[in-house]
Asks: 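One structure, pasted below without further comment.
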Amino acid sequence: MNSTFNSPTIQEWLSGRSEELLSEHKASVFRRADKMFAWLMGAQWLFGIILAVVVAPYAWEGRIRSLHTHVWVAVLLGGALSALPIALTILRPGTALTRHVIAASQMLWSALLIHLSGGRIETHFHVFGSLAFLSFYRDFRLLITATVVVASDHLARGVLWPESVYGITNPEWWRFLEHAGWVIFENVVLTAACVQGVNEMKQVSKARAESEALAMVDREKTVELDAALEALKNQQEKLVRTEKLAAVGQLAASVGHELRNPLSAIRNAATFIAKRTGTEKAQEAIGDARVPQFFTVIDRELTACSRIISDLLDFARERPLSLSSCPLYSLVEDAISVVPPREGVTIRNEVSEESPVPQLDRDQFRQILINLVQNGSESIPAGARGEVVVQCEGGDESPWRITVTDSGSGIPKEIVSQIFQPLFTTKTKGTGLGLAIVASMVQRHRASIDVTSQPGNTQFTITLPANAAAVAA
Amino acid sequence: MDQIRILVVDDEAGLRTTLAANLELENFAVVEAANGVEALDCLSSESFSMIISDMRMPEMNGLDLLREVKQRTPEVPIVLMTGFELEEMIDQAVNEGVFTILTKPFRIEDILEVVRRATRSSVLVVTEKECGSRATAKATLDGAGVPTQMVVNRDEALELIGTGGTDVCLVELCGDSAAREMIGRIRERDATVSVIAVSPPLDSEAMNQMVATRPFALIEKPIEARLLLQTIVRARGPRSNA
Amino acid sequence: MSATSRLRQRLVLGVLTVLWTGAIVGGLAALNRYKSTPGEIGTLPSQWPQSTSVERDEKVPTLVVFAHPLCPCTRASMTELGKLLDRHSTEVRTVIVAMKPSEGGDEWSRSALTETADRLPNATLMQDLDGKEAERFGAKTSGTAALYDPAGRLLFHGGLTIARGHEGDSPGVKQIRALLKNQDSTTRNTPVFGCSLLTPELAR
């Protein structure tokens with residue numbers, strides 16, 4: 001498992017987190033033990049009072065009895081001895097002050113209980129029992145405090161009232177060591193237990209930190225995986241859409257292609273018949289003015305068919321660029337000449353004849369201009385007056401900016417982002433491919449196109465990399 | 001004037017007959033052939049001013065026919081009609097000297113325009129004395145089988161243009177800026193002639209001056225053969241295609 | 001909780017802890033002193049008093065122990081006495097003189113102490129009405145023990161415990177043991193820890 005955590009940052013985090021967890025664990029151990037001792041202190045006080053009352057309730061002077069000192073001692077000194085520890089467990093649970101006070105107090109309770117029980121040997125066991133209880137904290141330093149308290153008490157009494165400790169006025173020098181020896185014996189064992197306990201806690205904390213890290217890594221991985229899956233799904237969908245579109249495009253292209261011959265023949269035939277029936281003699285014979293009119297209709301509709309097929313084929317086919325120097329003024333003139341005129345719509349070529357000459361695929365760029373200009377022209381409402389203007393700036397040092405601006409009704413904000421999508425159209429007629437073709441051709445020139453639109457002013461801007469850069473490329 | 005004879009080759013009867021009929025209305029003499037083999041037969045027994053052929057035909061397609069014609073009667077211009085052909089086929093046709101390419105469906109006016117050009121088809125190449133052996137345009141065109149005439153003298157060039165036998169004029173420049181006004185003069189002489197300027201790379205001022213003379217196209221040296229041929233083919237096609 | 005009030009709380013706790021330590025230490029010191037304060041030892045006659053009704057043994061030494069039956073501290077004395085007699089009952093004759101006031105009830109004659117005393121080997125329990133015998137022997141504090149040899153000479157008098165109500169090896173018991181073995185020892189008297197046998201107004 002450790003091989004997952006090779007990076008130093010993770011190691012750092014792990015050691016920090018396991019320290020955190022260890023502190024938390026220790027703190028909860030301390031608080032638990034504090035609570036236990038609070039109850040114990042209370043119980044000891046009660047026990048002390050009962051002991052005093054049972055063992056030595058009264059002191060006698062002949063016939064006169066008074067409440068035995070032991071009872072007072074049990075209530076007052078015992079109460080005081082328990083009071084601060086209990087107060088600290090309420091006010092400051094888990095702190096070092098609390099548990100060291102408890103340790104001292106507990107050992108003094110041993111002393112007190114021994115006194116109250118009249119020096120009973122069995123009561124001495126309380127000392128060793130207390131030391132063991134203190135190890136519940138798993139903090140070996142408490143044993144030091146306890147031992148110091150016991151030793152001080154011993155020492156003080158040994159110096160001042162030796163009989164009370166050892167039973168004789170002049171104890172042998174080694175008696176102290178005998179007592180100390182027992183205490184040291186227990187302390188050693190308990191310290192080992194405490195240290196081991198803490199080590200186990202450390203192990204547990206480390207393991208918990210590691211499992212947290214694993215869970216985190218896992219979660220991150222899951223999130224990453226989810227994101228990747230999401231992205232993959234999107235890509236797949238896009239791919240399917242693109243493929244569908246391509247398939248449809250191919251189908252349309254092949255249909256369009258097949259249609260070219262029949263349309264050619266129809267056109268040729270219609271032209272012939274129109275000419276033949278267009279002579280004065282023939283018109284007299286027919287006597288219906290609609291005949292020549294309808295030939296115009298045929299011609300117009302055939303042109304429309306032709307355009308639709310061109311659109312489909314342009315869209316389906318990716319023609320590689322064949323670049324040549326294309327003076328913009330004449331290219332724009334060319335394009336404008338192909339766009340069918342509409343009443344009230346003026347198309348102006350404001351490209352300067354002196355503007356720098358870009359390297360373009362002439363056919364494709366002409367198609368771009370035709371589509372944009374026609375689009376602009378058609379956006380002017382029927383019957384209204386309007387204009388479409390083609391301008392150009394830049395070229396030598398800065399990129400070219402070729403703009404086609406129309407004074408038409410504008411493109412609503414919601415659909416502006418969609419107009420370059422294939423098959424998107426707001427017109428009732430048309431393939432919806434015109435702008436998509438423009439976009440893809442522009443892209444092939446490594447240029448970009450964008451549009452801004454308000455009612456009365458719509459502007460398409462094509463940005464071509466500057467000559468200097470292009471030549472260098 | 002002799003009636004202009006046109007050979008129309010197309011395996012699809014509808015297209016062929018209607019096209020032929022329209023051409024006849026314009027007083028051209030039209031012969032129809034249903035396939036390449038028939039066409040070559042006709043060619044061997046009669047002479048034609050030009051050939052109009054479909055690209056896609058069984059047994060012998062338009063490209064093969066082009067090659068055959070270039071071998072037998074290279075001075076006869078061939079126009080190929082195409083629906084939607086592979087780029088390579090069109091490129092090859094251009095490289096092998098097709099007069100021009102027409103995209104179906106085309107208007108009859110377009111084909112008539114092309115026919116008028118084809119009847120006086122030759123490329124006039126005007127170079128400058130300074131170019132000398134560096135004049136490469138003619139070499140390129142010869143290699144492709146495009147009939148060309150080359151002159152060095154400007155006045156001679158203008159005369160030839162005046163006779164009306166040229167539809168495309170290539171002006172090859174090698175540095176003299178005064179030669180640029182040549183283009184303007186040619187256009188004055190005959191506005192229907194397409195002028196293609198071929199020159200070494202120019203700075204922007206010179207470029208602007210060049211552009212102001214309104215050439216059909218501007219090609220920078222070193223000449224890319226394909227580009228040159230394509231430009232000529234385009235110049236010869238209907239203006240709505242150009 | 002703001003930093004200053006937290007600091008104040010810490011200060012208060014610190015001061016309280018110090019005060020508490022002082023109180024505890026003081027309390028324990030006082031307790032120890034109380035425990036180590038002996039009662040009046042009283043002067044016992046060096047010769048067996050004639051007027052006493054306590055019977056003296058002719059062959060072995062007699063140990064007379066004066067006890068207040070209700071004194072809790074004396075229980076420890078009894079325990080020590082028991083330990084002593086466990087080993088040396090045949091070498092000594094023990095009489096426990098238990099005081100009883102004339103108006104005292106049953107609890108005086110039948111206390112835990114008297115029952116313990118009863119069970120001691122080679123020992124007799126004697127009721128001492130109004131502490132007359134104690135008076136004759138000059139014993140003032142419960143737990144006073146006096147050892148007389150068969151001839152009636154006072155060998156030792158003092159307490160059997162080291163502190164008030166505290167069991168454990170005491171110099172008094174040690175000395176009695178030594179005397180019973182006819183080994184001389186230097187100490188003659190030990191302090192007696194116990195309740196006063198005398199009612200205050202009867203105190204001399």
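Just so it is clear: chains get the letters A, B, ... in the order the sequence lines come, proteins before strands, and each one is counted from 1. Predicted, not measured: the structure shown is a model, and the values here were computed from it.
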Asks: Closer than 4.0 angstrom, basic N to acidic O: yes or no for B/Glu113 and B/Arg117?
Replies: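 Between B/Arg117 and B/Glu113 there is a salt bridge, with a charged N closer than 4.0 Å to a carboxylate O.
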Asks: Checking B/Gln230 against chain A: side chain, backbone, both or neither under 4.5 Å from a heavy atom?
Replies: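 Only the side chain of B/Gln230 comes within 4.5 Å of chain A.
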Asks: Under a 3.5 Å threshold, yes or no: a donor from one side chain and an acceptor from the other, between A/Arg267 and A/Thr303?
Replies: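 Yes, side-chain donor-acceptor contact under 3.5 Å.
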Asks: Let me know if A/Leu323 has heavy atoms under 4.5 Å from chain B in its side chain, its backbone, both or neither.
Replies: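 The backbone, not the side chain.
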Asks: Should the pair A/Asp363-A/Arg366 be classified as a salt bridge under the 4.0 Å nitrogen-to-oxygen rule?
Replies: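 No, A/Asp363 and A/Arg366 are not salt-bridged.
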Asks: With salt bridge (Lys or Arg N to Asp or Glu O under 4.0 Å) as the rule and sequence neighbours excluded, what pairs involving residues 273-283 of chain A come up?
Replies: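 Listed by first then second residue: A/Lys275-B/Glu26.
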Asks: Where does A/Ser337 contact chain B at under 4.5 Å (heavy atoms): side chain, backbone, both or neither?
Replies: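 When you check distances to chain B, no heavy atom of A/Ser337 falls under 4.5 Å.
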Asks: Quick one: what part of B/Leu19 sits under 4.5 Å from any heavy atom of chain A, side chain, backbone, both or neither?
Replies: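 Both backbone and side chain.
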Asks: A/Gln364: which residues meet the side chain to side chain contact (heavy atoms under 4.5 Å, CB included) condition with it, sequence neighbours left out?
Replies: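 Expected list: A/Arg319, A/Leu321, A/Asp361, A/Met441, A/Arg444, A/His445.
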Asks: Pick whichever of B/Ile111, B/Asp10, B/Leu15 has the most heavy-atom pairs under 4.5 Å with chain A.
Replies: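 Among B/Ile111, B/Asp10, B/Leu15, the one with the most close pairs to chain A is B/Leu15.
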